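All remarks here apply to the structure that follows.
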Amino acid sequence: MKELFSLRTVRKKILMLSKLAGVALIFSYTLSTGLPVSEDASFLIWLGFVFLLIICIDLFMGRFITKPIDKLNASAKRMAGLDFSAPCDLVSSDEFGELSASLNTMTENLQQALVRLEDANTRLEKDVEKERLLLAERKELVDSLSHEMKTPLGIIRAYAEGLQDETDDAKKQKYAQVIVSEVERMNDLIVTLLDLSALESGAAQLNITRFDFVELVETVAGRLLIDTPDADFELQYELPEQKVFVRTDHKRMEQVLGNLIVNAKKNVSPGGILRMEVTLDNGALHFAIFNQGRSIPESDLPKIWTKFYRDSNAEYSGSGLGLSIVAQILSMQNLPYGTENQSDGVRFYFSIPTAE
């Protein structure tokens, strides 16, 4: 019986309203005709009651029918425009309430689906961009190798042809040594270029450890500068007397130091000064190496860190990758670095925070 007379559906509300309106009309007509007034006055009273009844019915319809439909329509329009910022706030126990709950559920599902779709699109874009970069890097690697291999391959071919026709054993030995030297140069070039490509693509990761940087400088400098009997330069250096610890990749920083020292050694003028400094300031360690000699054109200073850059006035020597590797390793750690011309030479430098 309770379910029978409940108003949980729009249809029951309309039927109940129509029945109440009919009863009200009959009651008002009976009441107005029973009043001790004239027939015309009785009709006007009944007509006024009918007018009030119509207003009440209109308010009821607006409250329970029109207003819910407007809210549902507004929510549907927002959904059509993919605006899920505000849910439908219609609360009712009839079909409109169920439709409102269904719209809100659909809104949540659509919003979650769009978020998943956006995430998938973002991952796809990243994958596509990564693949594009890999293809570009492969092409650059092939083009760079093709370009850099021309000179050593030409030398190898020329000496190999000369070796075939040469009868002098001493010259044959010399030609063979040149060929071996160029093969080693090509091997070093390929290994270095692959190493640089791995760093640039992120395939090679840094192995961060804590170590004494001064000891590392002494080791690398001793191997490359002090233990070289044919050195034609004056070595000057300034190092802290105490140990200075840093947190970084030991092997990669050894590579950085080696490349910078070799670059300075290669470009120092005969009999000139090669000066190496390690200083401390405000919790940072500063490394600098200076080679006395010809300065670098100011327009070329930004280019020296790029792959295969060589001084146009220099002889064919090196791969042109050493400083590129230095820049890549330091950039991966956000360490400041640079180079500057001085009055009588060139100075390279970088800084690294110290560790307790």
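A quick note: this is a predicted structure, and the numbers were derived from the prediction, not measured. These numbers come from the heavy atoms of this one structure, side chains and all, not from hydrogens, waters or symmetry mates.
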Above 12 or not: heavy atoms from other molecules or residues under 6.0 Å from [atom1] of [X]?
X    : atom1 : value
Y159 : OH    : no
N282 : CG    : no
Q236 : CD    : yes

**Prompt:** Does a side-chain N-to-carboxylate-O contact under 4.0 Å join E254 and K251?
**Reply:**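 Salt bridge: no.
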**Asked** Would you call R275-E277 a salt bridge at under 4.0 Å N-O?
**Response**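 Salt bridge present between R275 and E277.
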Quick check: closest heavy atoms across [X] and [Y], and the distance to 0.1 Å?
X    : Y    : answer
V268 : G272 : CG2-C, 3.9 Å
F350 : V256 : CE2-CG1, 4.0 Å
A264 : I289 : CB-CD1, 3.7 Å

**Item:** Results of salt bridge (Lys or Arg N to Asp or Glu O under 4.0 Å) for R247 - residues two or more places apart only
**Value:**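 Partners of R247 by the salt bridge (Lys or Arg N to Asp or Glu O under 4.0 Å) criterion come out as none, since no residue qualifies.
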**Request:** Would you mind listing the cluster partners of V128? Hydrophobic ones only (ILVMFWY), side-chain contacts under 4.5 Å, chaining allowed.
**Result:**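 Via sub-4.5 Å side-chain contacts, V128 links to L124.
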Whether the side chain of [X] engages the backbone of [Y] through a donor-acceptor N/O pair (distance < 3.5 Å, no angle test) should be reported.
X    : Y    : answer
N259 : L323 : no
K265 : L224 : yes
N341 : V346 : no
D300 : K303 : no

**Prompt:** Could you go step by step and tell me if E238 and T279 meet the side chain to side chain donor-acceptor pair (under 3.5 Å) rule?
**Reply:** CA-CA 8 Å; E238 177 186 349; T279 57; over 6 Å; no
**Message:** M276 vs V217, test: side chain to side chain contact (heavy atoms under 4.5 Å, CB included). Steps then yes/no.
**Reply:** CA-CA 10 Å; M276 184 177 60; V217 173; 3.8 Å; yes
**Message:** A side-chain contact here means heavy atoms from C-beta on lying under 4.5 Å apart; do D344 and R294 qualify?
**Reply:**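 Sidechains of R294 and D344: no contact.
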**Request:** Check whether any side-chain heavy atom of V180 sits under 4.5 Å from a side-chain heavy atom of E184, and report yes or no.
**Result:**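 When only atoms from C-beta onward are counted, E184 and V180 do touch, with a gap below 4.5 Å.
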**Prompt:** Is there a donor-acceptor contact under 3.5 Å linking the side chains of H286 and S351?
**Reply:**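 There is such a pair between these side chains.
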**Message:** Can you confirm if the NZ or CZ of R210 lies within 45° of the ring axis of F245 and under 6.0 Å from the centre of its six-membered ring?
**Reply:**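 Judged by the rule (NZ or CZ under 6.0 Å from the ring centre, within 45° of its axis), R210 counts as positioned above F245.
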**Asked** Run the side chain to side chain contact (heavy atoms under 4.5 Å, CB included) check on F211 and V246 step by step: do they pass?
**Response** CA-CA 6 Å; F211 60 90; V246 297; 3.8 Å; yes
